[in-house]
Amino acid sequence: MVVLGKPGADGLDEAVAALREWQDDRAPVQLHPGDLGWFRRFGAAATAAAVRTWSRDGRILAVGLLDGPGLLRLAIAPDARQDGELARRLAQDVTTPERGVLPAGKARVDAPAGALLHTLLAEDGWRTDDPWTPLCRDLTEPVEDPGVRIEVAGPQQAAVRAAVQRAAFDGSTFTDGNWHAMAAGAPYTDARCLIAYDERGDAVAAVTVWSAGPGKPGLLEPMGVHREHRGQGHGKAISAAAAATLRQLGSSSALVCTPGSNTGAVATYMSAGFRRLPEVRDRYRDR
């Protein structure tokens, strides 16, 4: 029998370990350990409250992250994506507010492409949302020099890293306190924050990269360019530096995902050697 669980702060490491195991260059892009790592900026308790697991006989088969109001981002074990029992349980849990996964009303589910869950949700009236564009850069070969000064941000640079984040994303409230909370989480053990500086010494772009372990795809989440320094190639430079850092960490490839409508971001990543993968779409309901 498939069981829905809330791992709690003590069980987050097990969920992260499952996500690490499931990352595969040959499989559809799905929830990454780095997604939980980035959410960890809100603290361990908030992250635990946002995570759900589905298990059978003690083995985790799916991990979900409640990443914002009414959004469940889901990863499923590669050998369980067509598992009928699991798909039915997932569908029941995401469509029944009393189960404590998604609230009533408008909701979205981001599940791996090709998973049986998509079929069940479609039969229940869930439609497909606007596309997301995943991009990937193979890391078999060395990465070119980014052409700008790149520093790895540690505790002493947390305030600078946070300032670039706020200047890159409208509405961002990221602080150095958030950085320290994020860095205290287990996923950050295999992560790095990078800051790019221009010739005047100004911090112009930043990125956080997350390794899932040697031979696994790594993730860029997030990457941003300071609003006062855009249009100068800094996005390309920091994306190349991110790929190089992931290669040093043993990653097989570098992944990033951006809304398909964000053509500027897509062009930036492609200029840094990333190639587009097939678009993916969330499932959503209005009622």
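Predicted model only: the values in this text are computed from it and were never measured. Numbers for residues simply follow the sequence, beginning at 1.
- Surrounding CD of Glu14 are at most 12 heavy atoms belonging to other residues, nucleotides or ligands under 6.0 Å away.
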Derivation and outcome, salt bridge (Lys or Arg N to Asp or Glu O under 4.0 Å), residues Glu141 and Arg247: CA-CA 9 Å; Glu141 300 296 329; Arg247 189 173 189 271; 5.8 Å; no
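- Ring geometry for Tyr188 against Trp179 counts as perpendicular: the plane angle is over 60°, on a 0 to 90° scale with 30° as the lower cut.
- Cluster partners of Tyr284: none. The rule joins Ile, Leu, Val, Met, Phe, Trp and Tyr whenever side-chain heavy atoms lie under 4.5 Å apart, and it links nothing here.
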Side chain to side chain contact (heavy atoms under 4.5 Å, CB included) evaluation trace for Val109 with Leu117: CA-CA 10 Å; Val109 173; Leu117 176 62; 4.3 Å; yes
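- In this structure, the side-chain contact (heavy atoms from CB on, under 4.5 Å) partners of Asp25, at least two apart in sequence or on a different chain, are Pro217, Ser252, Ser253.
- With sequence neighbours excluded, the residues forming a side-chain contact (heavy atoms from CB on, under 4.5 Å) with Val29 are Pro134, Leu255, Leu277, listed by chain and number.
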Worked check of salt bridge (Lys or Arg N to Asp or Glu O under 4.0 Å) between Arg127 and Asp286: CA-CA 9 Å; Arg127 293 179 285 178; Asp286 282 325; 2.8 Å; yes
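- Between Asp282 and Arg108 a salt bridge is recorded (basic side-chain N to carboxylate O distance below 4.0 Å).
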Verdict with reasoning, Gln165 to Arg161, per side chain to side chain donor-acceptor pair (under 3.5 Å): CA-CA 6 Å; Gln165 183 74 18; Arg161 170 69 183 89; 3.0 Å; yes
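- Closest approach of Ala240 and Val143 over heavy atoms only: O-CG1, 3.4 Å.
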Evaluation steps, side chain to side chain contact (heavy atoms under 4.5 Å, CB included), between Glu221 and Asp35: CA-CA 7 Å; Glu221 176 59 29; Asp35 292 308; 4.1 Å; yes
Candidate pair Trp132 and Asp110, rule side chain to side chain donor-acceptor pair (under 3.5 Å), full reasoning: CA-CA 10 Å; Trp132 289 78; Asp110 169 20; over 6 Å; no
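- Ile76 and Trp22 are members of different hydrophobic clusters when ILVMFWY side chains are connected at heavy-atom separations under 4.5 Å.
- Between the CG atom of Leu246 and the CG atom of Leu139 there is a distance of 6.5 Å, given to the nearest 0.5 Å.
- Other residues, nucleotides and ligands place no more than 12 heavy atoms under 6.0 Å from the CG atom of Asp10.
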